[in-house]
*Asks:* 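The structure under discussion is supplied below as structure tokens; questions concerning it will follow.
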Amino acid sequence: IPEAYTVPESGRDVWRTFLIPAPLQTTRYVRAIEFRPGNKCVHHAAMRLDSTPQSRLRDEGDPGPGFGGITPPDTARPPAGHMLNWLPGRAAYRSPEGLAWPFEKGADFLVQLHMQTTGKPEVAQPTIGLYFTDRPPTNHLFAFSLMVRTIDIPAGATDYRIHDSYKLPVDVHLLWINPHAHYLAREMKGWARLPDGTQRWLFLIKQWDFNWQGDYSYREPVFLPKGTSLFMEYNYDNSTNNVHNP
């Protein structure tokens with residue numbers, strides 16, 4: 001990122017988005033991307049592209065490097081179907097064969113950092129490596145979400161559950177999955193019910209930890225035929241029994 005950012009020694013977590021002006025004079029295809037945080041205070045990072053001036057205007061209107069806020073502009077999005085995220089322990093992200101993503105001419109590259117205080121000032125200035133290919137994608141990815149945002153967990157509740165489901169209208173090859181929740185989540189699971197009634201697990205996290213999260217790639221694409229129903233269920237614990245409850 002063009003300018004380092006100093007995280008204060010104490011206080012609330014910092015969410016900051018940094019804009020890197022596009023260096024490309026023509027659209028290029030990216031086959032892999034590597035993120036290096038440069039400081040242990042970086043909890044995770046989300047990388048996005050913005051082909052509009054909206055993120056640039058936010059950056060210009062906020063003093064200091066980057067701009068604040070958990071939510072970047074709606075115009076800042078990952079390439080269709082890809083999840084350009086970094087989390088501790090994450091290696092370089094490599095696109096599957098035939099699924100390189102376009103870095104469009106003129107697009108700005110955005111890096112949103114979630115940073116935590118450590119008891120002393122921390123200087124964050126991550127670096128990003130892009131690995132290009134001359135081969136355009138031969139297929140197209142599509143990402144969709146099973147999620148619930150209307151979450152209202154009563155004080156002391158130990159077993160608050162949310163659900164969502166979706167029926168596939170076409171055959172699908174599932175490549176990766178991105179379970180995500182915050183501090184109060186305890187157990188997370190997702191599964192598929194095939195048209196013949198067979199149940200197939202897609203993920204199961206029995207002890208969710210907000211400090212160790214990520215998206216997961218399947219060793220082999222998971223074929224799900226048309227008519228398969230997908231389900232998610234998250235369990236939350238808002239009691240003092242939850243050691244992660246802030």
Side-chain angles (χ1 to χ4, degrees), residues 17 20 22 24 26-35 44-52 54-55 71-87 89-112 128-149 164-181 188-195 200-205 213-232:
T17 299
I20 302 174
L24 301 183
T26 183
T27 296
R28 300 282 304 276
Y29 298 103
V30 181
R31 62 180 177 84
I33 183 170
E34 182 178 9
F35 178 89
H44 71 268
M47 289 159 277
R48 303 289 185 261
L49 297 174
D50 194 345
S51 299
T52 78
Q54 294 305 312
S55 295
T71 306
D74 291 338
T75 52
R77 300 174 180 174
H82 293 267
M83 291 183 287
L84 305 184
N85 301 328
W86 175 87
L87 307 113
R90 177 72 183 266
Y93 169 76
R94 294 176 174 83
S95 301
E97 189 67 26
L99 292 172
W101 52 270
F103 192 141
E104 298 171 351
K105 172 186 176 181
D108 291 323
F109 192 87
L110 300 173
V111 182
Q112 185 191 54
I128 300 101
L130 298 173
Y131 298 80
F132 295 99
T133 176
D134 293 328
R135 295 184 58 194
T138 56
N139 292 291
H140 295 281
L141 291 175
F142 181 77
F144 67 93
S145 300
L146 298 180
M147 67 166 61
V148 177
R149 293 191 182 275
D164 197 12
S165 63
Y166 180 73
K167 190 172 184 179
L168 294 174
V170 294
D171 291 348
V172 164
H173 284 93
L174 181 63
L175 300 181
W176 54 72
I177 196 163
N178 183 30
H180 181 76
M188 304 158 64
K189 50 191 175 184
W191 67 95
R193 183 175 297 134
L194 306 183
R200 182 167 189 176
W201 282 104
L202 299 177
F203 74 93
L204 174 61
I205 301 175
Q213 56 178 299
D215 48 87
Y216 303 93
S217 299
Y218 294 99
R219 288 191 179 93
E220 299 292 337
V222 179
F223 176 68
L224 300 173
K226 175 182 177 180
T228 295
S229 293
L230 303 178
F231 300 89
M232 62 81 81

*Asks:* May I ask you to test the L174-P221 pair for a side-chain heavy-atom distance under 4.5 Å?
*Replies:*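 No, side chains not in contact.
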
*Asks:* Should T138 and L99 count as side-chain neighbours, where that means a heavy-atom distance under 4.5 Å?
*Replies:*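 Side chain of T138 against side chain of L99, heavy atoms only: no contact under 4.5 Å found.
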
*Asks:* If I take atom CG from residue L141 and atom CE from residue M83, how far apart are they, to the nearest 0.5 angstrom?
*Replies:*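 Rounded to the nearest 0.5 Å, the CG-CE separation comes out at 9.5 Å.
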
*Asks:* Measure from the side-chain N and O atoms of Y216 to the backbone N and O of F203, and report whether any donor-acceptor pair falls under 3.5 Å.
*Replies:*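 Checked: no pair found.
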
*Asks:* Hey, do the aromatic rings of Y93 and W176 have their centres closer than 6.0 Å?
*Replies:*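 Under 6.0 Å, so yes.
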
*Asks:* Does the side chain of D215 reach to within under 4.5 Å of the side chain of R90, using non-hydrogen atoms?
*Replies:*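 Yes, their side chains come closer than 4.5 Å.
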
*Asks:* At their closest point, which heavy atom of S145 faces which heavy atom of D164, and how far apart are they?
*Replies:*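 Looks like O-OD2, 4.4 Å.
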
*Asks:* Give, for atom CG of L49 and atom CZ of F109, the distance between the pair rounded to the nearest 0.5 Å.
*Replies:*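 With rounding to 0.5 Å, CG (L49) is 6.5 Å from CZ (F109).
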
*Asks:* Is it the case that the side chains of E104 and T27 hold a donor-acceptor pair, with the cut-off being a distance below 3.5 Å and no angle test?
*Replies:*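 The criterion, which ignores hydrogens and geometry beyond distance, is not satisfied for E104 and T27.
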
*Asks:* Give me the atom names and distance for the closest heavy-atom approach of R94 to A32.
*Replies:*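 Heavy atoms only, the tightest pair is CG-CB, 4.0 Å.
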
*Asks:* Cation-pi between R28 and F132: NZ/CZ under 6.0 Å from ring centre and within 45° of the ring axis?
*Replies:*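 Output yes; distance and angle both within limits.
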
*Asks:* Of the options D50, T75, D108, which is the one that meets S55 in a side chain to side chain donor-acceptor pair (under 3.5 Å)?
*Replies:*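 In the set D50, T75, D108, the residue that makes a side chain to side chain donor-acceptor pair (under 3.5 Å) with S55 is D50.
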
*Asks:* Is the closest side-chain heavy-atom distance between L230 and L146 below 4.5 Å?
*Replies:*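 The answer is yes, as the side chains (C-beta and beyond) meet within the 4.5 Å cut-off.
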
*Asks:* Side-chain contact test, heavy atoms from C-beta onward, threshold under 4.5 Å: evaluate it for K226 versus L168 and give yes or no.
*Replies:*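 Sidechains of L168 and K226: no contact.
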
*Asks:* Any side-chain heavy atom of L24 sitting closer than 4.5 Å to one from T26?
*Replies:*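 No. Closest side-chain heavy atoms not under 4.5 Å.
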
*Asks:* Roughly how far apart are T52 OG1 and R77 CZ, rounded to 0.5 Å?
*Replies:*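 Rounded to the nearest 0.5 Å, the OG1-CZ separation comes to 9.5 Å.
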
*Asks:* For the NE2 atom of H82 and the CE atom of M47, what is their distance to the nearest 0.5 Å?
*Replies:*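 Output value for this atom pair is 13.0 Å.
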
*Asks:* To the nearest 0.5 angstrom, please state how far the CE atom of M147 sits from the NE2 atom of H180.
*Replies:*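 Here the rounded value is 9.0 Å.
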
*Asks:* Assert yes or no for the condition that the ring centre distance of Y166 to F144 is strictly below 6.0 Å.
*Replies:*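 Between Y166 and F144, the centre distance is under 6.0 Å.
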
*Asks:* Can you give me the closest heavy-atom contact between A100 and R135, atom names plus distance?
*Replies:*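 Looks like CB-O, 4.1 Å.
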
*Asks:* Please give me the minimum heavy-atom distance between G190 and W201, naming the atom from each residue.
*Replies:*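 Heavy-atom minimum between the residues: O-CE3, 3.5 Å.
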
*Asks:* Enter the distance from R48:CZ to T17:OG1 here, rounded to the nearest 0.5 Å.
*Replies:*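 R48 CZ to T17 OG1: 9.5 Å, rounded to 0.5 Å.
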
*Asks:* Less than 4.5 Å apart, side chain to side chain, heavy atoms only: is that true for E34 and W86?
*Replies:*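 No, too far: nothing below the 4.5 Å cut-off.
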
*Asks:* Under 4.5 Å between any side-chain heavy atoms of T228 and K167, yes or no?
*Replies:*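 In short, these two side chains do not touch, never coming nearer than 4.5 Å.
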
